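Reviewing the structure listed below.
The chains referred to below are lettered A, B, ... by the order of the sequence lines, with proteins before strands, and numbering in each begins at 1. These numbers come from the heavy atoms of this one structure, side chains and all, not from hydrogens, waters or symmetry mates. Only a predicted model underlies this, so the values are computations on that prediction, with no experimental measurement involved.
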There are 2 protein chains.
Amino acid sequence: MSTIERPLPAEVFSGLDRVGPVPLYAQVAERLEALIADGTLPSGTRLENEIAMGERFGLSRPTMRRAIQVLVDKGLLVRRRGVGTQVVQGSITRRAELSSLYDDLAQDGRRPTTEVLVYEQLLPSPELTQLLGVEVDHPVLHLRRLRSADGVPIALMENHLIAAPTVGREELEHRGLYEMLRERGSTMRVARQFVTARAATKEEAKLLDVRVGGPILTLERTAYDQSGQIVEIGHTHYRPDRYTIEFTLVAK
Amino acid sequence: MSTIERPLPAEVFSGLDRVGPVPLYAQVAERLEALIADGTLPSGTRLENEIAMGERFGLSRPTMRRAIQVLVDKGLLVRRRGVGTQVVQGSITRRAELSSLYDDLAQDGRRPTTEVLVYEQLLPSPELTQLLGVEVDHPVLHLRRLRSADGVPIALMENHLIAAPTVGREELEHRGLYEMLRERGSTMRVARQFVTARAATKEEAKLLDVRVGGPILTLERTAYDQSGQIVEIGHTHYRPDRYTIEFTLVAK
DNA sequence: CAGTGGTCTAGACCACTTA
DNA sequence: AAGTGGTCTAGACCACTGA
């Protein structure tokens with residue numbers, strides 16, 4: 001409720017790194033996000049106007065604006081013309097990123113493990129050829145993995161990958177797929193995702209340790225790399241009592 | 001696969017409205033999106049560099065950049081420094097907006113109908129008070145609605161609204177909730193959403209016409225308005241065979 | 001090395017909100 | 001009327017990519 005404006009400690013505004021690789025707007029956004037996260041800027045707090053803040057940081061208005069916009073896009077700040085910029089209520093900072101389940105779990109302090117059930121090169125079916133946009137004789141890597149956290153099965157993951165013969169089976173047991181692909185020069189940039197639910201099949205029930213016919217949360221993903229090419233089609237089936245998909249929408 | 005650069009018809013670049021309320025960058029983004037949607041700019045097409053395009057439109061580089069960035073954020077374009085801007089493969093333009101289910105269905109040409117099951121003012125429970133950040137004696141509007149499309153039940157929606165005594169019961173039968181709130185000065189700006197699945201209860205099964213214990217897709221949402229205040233907490237239960245949640249992630 | 005996008009600046013004008 | 005964010009311009013320098 002409070003729309004109080006609070007003076008911030010001076011050290012917040014100094015010490016930006018103008019030579020390193022991190023853009024100024026990103027550094028500023030990071031600092032402001034930290035202030036929101038640690039409660040220095042509580043819900044409802046009104047920020048100074050962007051020109052004044054820019055001056056404090058020693059930045060031009062466009063750069064300061066851009067820093068603020070990063071947090072608006074994350075759903076942490078709200079702006080109104082003629083009024084000002086405020087911290088959103090209940091802004092527990094949370095991700096909904098293009099990251100891997102493996103990283104998510106590890107970041108939460110859980111111990112992710114992976115069992116590789118299927119690892120095979122195959123020539124794609126006609127439908128898959130169409131979906132992936134590859135030639136009929138272009139081999140595709142087909143993976144089926146069971147991901148657990150602290151020993152409890154969480155997700156059954158099925159992937160079809162283009163041009164990834166270098167992804168080794170053993171390495172898949174201990175690392176996230178996206179991380180491995182990134183190292184090999186294929187960075188995921190865009191992913192289109194469809195989420196729904198359905199009844200567990202006999203096999204899924206067995207692997208995920210749930211009741212046959214019970215609810216399964218399913219996610220279908222098409223991932224594109226930095227050149228706009230499809231690099232992966234994934235189908236993931238989650239145990240709904242163990243996993244929730246979270247995301248933030250921001251009106252543009 | 002094609003990284004062909006194609007000449008665009010000259011009329012694409014002319015006739016921007018410099019006096020109307022629609023920003024130039026939005027007009028340009030709209031035009032480019034249309035070109036992608038209608039196949040004039042097929043998957044993989046490489047765009048001219050941003051300075052050249054800006055000149056064609058008669059725009060400065062920052063404005064042209066901003067127009068392009070809109071489409072990058074939508075997942076339609078991909079950019080690489082030193083290389084250029086390309087149309088993403090398989091870019092069927094699709095939404096994942098902060099819009100209402102009612103609008104979504106209507107836009108798809110289906111006939112949405114709504115049955116209001118519960119419409120009551122109530123004093124929030126302690127937990128709800130905490131969640132909404134309201135006073136204990138602040139009344140909250142509690143709604144329970146069944147949304148159908150073409151006569152088939154799609155979703156069971158439960159909402160707790162702050163300060164919305166002006167939302168009439170009858171009107172709810174024929175319009176979307178968000179649209180009604182917008183008219184009353186409360187525009188949704190941010191929504192934090194959690195998606196999972198669970199087994200249908202007896203009541204849900206009856207209302208949604210599914211099997212008891214069968215899969216239900218559930219979405220929990222906290223919505224904030226333009227001043228960062230919570231205005232709604234919603235729980236929606238979807239029939240998974242009739243509804244899929246779609247969203248696009250873009251790496252920043 | 002030429003061409004691309006990424007960042008940053010300094011300033012201008014405007015629309016909207018609030019009082 | 002004063003203060004805010006929203007838009008737009010004109011230019012600069014840099015980092016990265018690929019031939």
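Comparing B:Glu50 and A:Gln27 by the nucleotide of DNA chain C that holds the closest heavy atom to each, the one mapping nearer the 5' end is B:Glu50. Between A:Gly82 and B:Tyr25, the residue anchored closer to the 5' end of DNA chain D is A:Gly82, taking for each the nucleotide with the nearest heavy atom.
Contact check on B:Arg145 versus B:Glu173 returns no salt bridge, with no Lys/Arg side-chain nitrogen under 4.0 Å from an Asp/Glu carboxylate oxygen.
Here the P atom of nucleotide C:dG3 and the CZ atom of B:Arg80 are 19 Å apart, to the nearest Å.
For B:His142, the side-chain hydrogen bond (donor to acceptor under 3.5 Å, both in side chains) partners at least two apart in sequence or on another chain are B:Glu120, B:Glu158. Under the side-chain hydrogen bond (donor to acceptor under 3.5 Å, both in side chains) criterion, A:Thr236 pairs with no residue at all, not counting sequence neighbours. Judged as a side-chain contact (heavy atoms from CB on, under 4.5 Å), and not counting sequence neighbours, the contacts of A:Ser227 are A:Asp225, A:Gln229, B:Arg80, B:Gln86. Taking B:Arg81 as the reference, nothing meets the salt bridge (charged side-chain N to carboxylate O under 4.0 Å, His left out) condition, with sequence neighbours excluded. Residues forming a side-chain hydrogen bond (donor to acceptor under 3.5 Å, both in side chains) with A:Thr63 (at least two apart in sequence, or on another chain): A:Ser60. Taking the side-chain contact (heavy atoms from CB on, under 4.5 Å) definition, one finds that B:Pro124 meets it with B:Leu128, B:Thr129, B:Val134, B:Val140, sequence neighbours left out. Looking at residues two or more places apart in sequence or on another chain, you find a side-chain contact (heavy atoms from CB on, under 4.5 Å) between A:Glu183 and A:Glu171, A:Arg175.
Contact detail for B:Thr40 and B:Pro42: the closest heavy-atom pair is O-CD, 3.3 Å.
Going from atom CD1 of A:Ile36 over to atom NZ of A:Lys74 covers 10.0 Å, rounded to the nearest 0.5 Å.
Geometric assessment of B:Arg189 against the ring of B:Tyr224 yields a negative cation-pi assignment under the 6.0 Å and 45° thresholds.
Within a heavy-atom distance below 4.0 Å of DNA chain D, the residues of residues 51-70 of chain A found are A:Arg61, A:Arg65. A heavy atom closer than 4.0 Å to some atom of DNA chain D occurs in no member of residues 9-22 of chain A.
At a threshold of 4.5 Å between non-hydrogen side-chain atoms, the residues A:Glu50 and A:Arg79 count as touching.
Of the side-chain N and O atoms in B:Asn49, none sit less than 4.0 angstrom from OP1 or OP2 of C:dG3.
Axis angle across the helix from C:dC1-D:dG18 to C:dT18-D:dA1, with five pairs used at each end and values rounded to 10°: 20°.
In the 5' to 3' direction, nucleotides of DNA chain D lying under 4.0 Å from heavy atoms of chain B begin and end at D:dT7 to D:dT17.
Judged as a ring-ring contact (aromatic ring centres under 6.0 Å, His included), the pairs with a partner in residues 36-66 of chain A (not counting sequence neighbours) are, in order, A:Phe13-A:Phe57.
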